[in-house]
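In what follows, a structure is listed as structure tokens, so that the remarks can point back to it.
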Amino acid sequence: MTKPLFDIVDINDNTYSVIHDGKSYCFVVVKNQDDWQVFNGGISSIVAASGKEKKPRRAGAAGSGSTNGGTIISPMPGRVVKINITAGQNVAIGDAIIVVEAMKMENEFKAPKAGVVKSIAVNVGDSVEGGAVLVMIE
Amino acid sequence: MTKKISKILIANRGEIAVRIARTCREMGIKTVAVFSEVDRKALHVMMADEAYCIGPAPASESYLCVDKILDVAKKSAADAIHPGYGFLSEKSHFSAACEKAGVIFIGPTPSAIAAMGDKITARQIAAKAGVPTIPGTTEPITDFEKLKKTAAEFGYPVLLKATAGGGGKGMRVVTSEKELQSAFEAATREAEKAFGDGRMYLEKYILNPRHVEIQLACDAHGNGLFLLERECSMQRRHQKVIEEAPCFYLQDDVRQKMATAALNLAKEVGYRGVGTIECLVDAKQDFYFLEMNTRLQVEHTVTEMITGLDLVRLQIDIANGDKFKLKQKDISARGHAIECRIYAEDPENNFMPSPGFISAFRAPEGPGIRHDTGTYSGAEVSSFYDPMISKLIAHAETRDGAIQKMRRALTEFTIAGVRHNTQFLQTLLNDDTFCRGDGHTQYLDQHAELTKPSVSKTRTDPHLAELISAVVAHHESRNQKPVTTVAPNTNSVSNWLRHGMREGLR
């Protein structure tokens, strides 16, 4: 049995027009950390570099507040206003960990995974820069 | 005859600076941009006639520096400054400093800004102008009988608020008189424990309030115009997400009452320029003054769509000392407009800001679509400022038509490199409550499940997963270095694919 072949036409560096069974699709493919992000009709999905589609990632995806598994990073400069945990404490995924105030809004960071609080890099009242590590959970 | 404004310094950045520059260009007015070090490549810089760096990234060291901005005004010989929204737009000392420096401030007088900027004086002026305010005590109540009497005057439900509380903390709703005593005692104990101060105020509680705001324009000759209203109830933690004009459920007589009250208030404070009076409206369409914003608002766009007016042009005309040629009877709503604010934020992660570089950007176009943005493909969404990417506006003959247009436009919007709220907005545009117009200011906060991506039609396409895999594989092969020296394929379809398709057709 031959593999299905698709009519894929390059529009530009990252845009493709596909016609399959008469149906027309437009895909935009961009890098998203180590994977690909594919856009179609205003909806995107993350595809592993091997080519298999998987569910869109939450924690660890570009731009979110928690990356690298258990490290909570502030994406923007701000001020630490509340720390809900202590070093050595057990946390569950989704627990409220730390609050950074930026742009007059309070941004609450939740635990990206269950584990133990390894270290807290800041104190309440500290100013932080964009990209600053706040808390590490392992 | 006084000289007309010929050069405007835009004391702002991002989409609003671009938007102001556009009207200036249409009016033949030269523009001066100011930018911080991280905004050197910003769109507003490229669109202006002149541009000057005013300091490092933090707003406090750049966009909020009155002295630096006035220095640039002097250096560039700008005759006027447009403050945009946010930053210095509602700082009376900036308006005063401009006056002192001999530069026209495109906005109200320092005293009007100061009066409306103070919550207490604003309420007093509103009351004086006959604008209803939310009934509330001006002093804490300790005597229970007095509390009972006041609550009865206000009408239930009422809200007990701790004096020392704030930001939504220390509040308790009481729905009837029989609950009042126990609620008062419990709330007092809680407040004492939490804040060390058990004193309570009483306010009328508006259940499921709607946010309706009145757009005004006032010239320097005492003429005021009501430029219709906007509906902005779709808010998340007091931040507007979707705004509309007009407010389709507002009864005509209520609209007239609100307009009259608003114009009275503007007159009372000697207002000049464009301004917005924000109100809460309850289920009976009684309205209550919240605050007045003495500047151009983010959502002025929907008012422009339905009235056909250019509010920035109006601001400049007012600043030039022109008398309105427009009459109130000339102003009416044509169709319905909806605005969605597109932010670089992650709805699935508490709407955390998602700054970064935009790697792909294609905005919607076509009939009835307006797109106001300050960014472009390859630009940075800075972590130092509000992460707004764009404002997307749809205008149609009816509200349903505008909703359909907005849904269509959102499917055309491709943004990569940062997280953004377009899918969240699409969910809202398909939400029954929103579509019926039954939303209120607490709705989004009460329905966190709306942040979860909803299953869309495309996702039920059985071939989609396969196609996505094939496209990714194709994309990867294009981006790999060639391993053999083969003549470059100048056709858009690869030889392998073409061969395969031919074979498949046999």
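Naming: A, B, ... by sequence-line order, numbering from 1 per chain. Because the structure is predicted, anything quoted here is derived from the model rather than measured.
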Provide the closest heavy-atom pair for Met76(A) versus Pro353(B) in the form atom of the first, atom of the second, distance. SD-CG, 3.5 Å
Residue part contacting chain B, namely of Val18(A), when any heavy atom lies under 4.5 Å: side chain
State the NE2-OG distance between His420(B) and Ser44(A), to the nearest 0.5 angstrom. 6.0 Å
Gap between atom CG of Asn32(A) and atom OG of Ser359(B) - 0.5 Å precision: 8.5 Å
Max heavy-atom pairs within cutoff under 4.5 Å with chain B, candidates Asp13(A), Ile11(A), Thr15(A), goes to Asp13(A)
Sort out for me which residue in Asn40(A), Ile8(A), Val28(A) forms a side chain to side chain contact (heavy atoms under 4.5 Å, CB included) with Val471(B). Ile8(A)
Check: Met352(B) and Pro75(A) side chains under 4.5 Å, non-hydrogen atoms: yes
Does Arg408(B) CZ have over 12 foreign heavy atoms under 6.0 Å away? yes
Any side-chain heavy-atom pair from Phe27(A) and Leu467(B) closer than 4.5 angstrom? yes
Any donor-acceptor pair under 3.5 Å from Arg237(B) side chain to Glu106(A) backbone: yes
Does a side chain donor of either Tyr16(A) or His475(B) reach within less than 3.5 Å of an acceptor in the other side chain? yes
Taking side chain as C-beta onward, heavy atoms only, is Ile468(B) less than 4.5 Å from Ser45(A)? yes
Around atom CD of Glu449(B), are there more than 12 heavy atoms of other residues, nucleotides or ligands at under 6.0 Å? yes
With a 4.5 angstrom heavy-atom cut-off, which part of Glu345(B) approaches chain A: side chain, backbone, both or neither? neither
What do you reckon, is CD of Glu129(A) surrounded by more than 12 foreign heavy atoms closer than 6.0 Å? no
Around Lys91(B), counting heavy atoms of other residues, nucleotides and ligands shown, do more than 12 lie under 6.0 Å from its NZ? no
Between Phe6(A) and Glu466(B), is there a side-chain heavy-atom distance shorter than 4.5 Å? yes
Hey, what do you get for CD1 (Ile43(A)) to OG1 (Thr414(B)), rounding to the nearest 0.5 Å? 11.0 Å
Does a side-chain heavy-atom distance below 4.5 Å link Asn107(A) with Asn350(B)? no
Apply side chain to side chain contact (heavy atoms under 4.5 Å, CB included) to residues Asp10(A) and His474(B) and explain how you reach the verdict. CA-CA 9 Å; Asp10(A) 304 343; His474(B) 173 72; 2.6 Å; yes
Tell me, for Phe384(B) versus chain A, whether the close heavy atoms (under 4.5 Å) come from the side chain, the backbone, both or neither. both
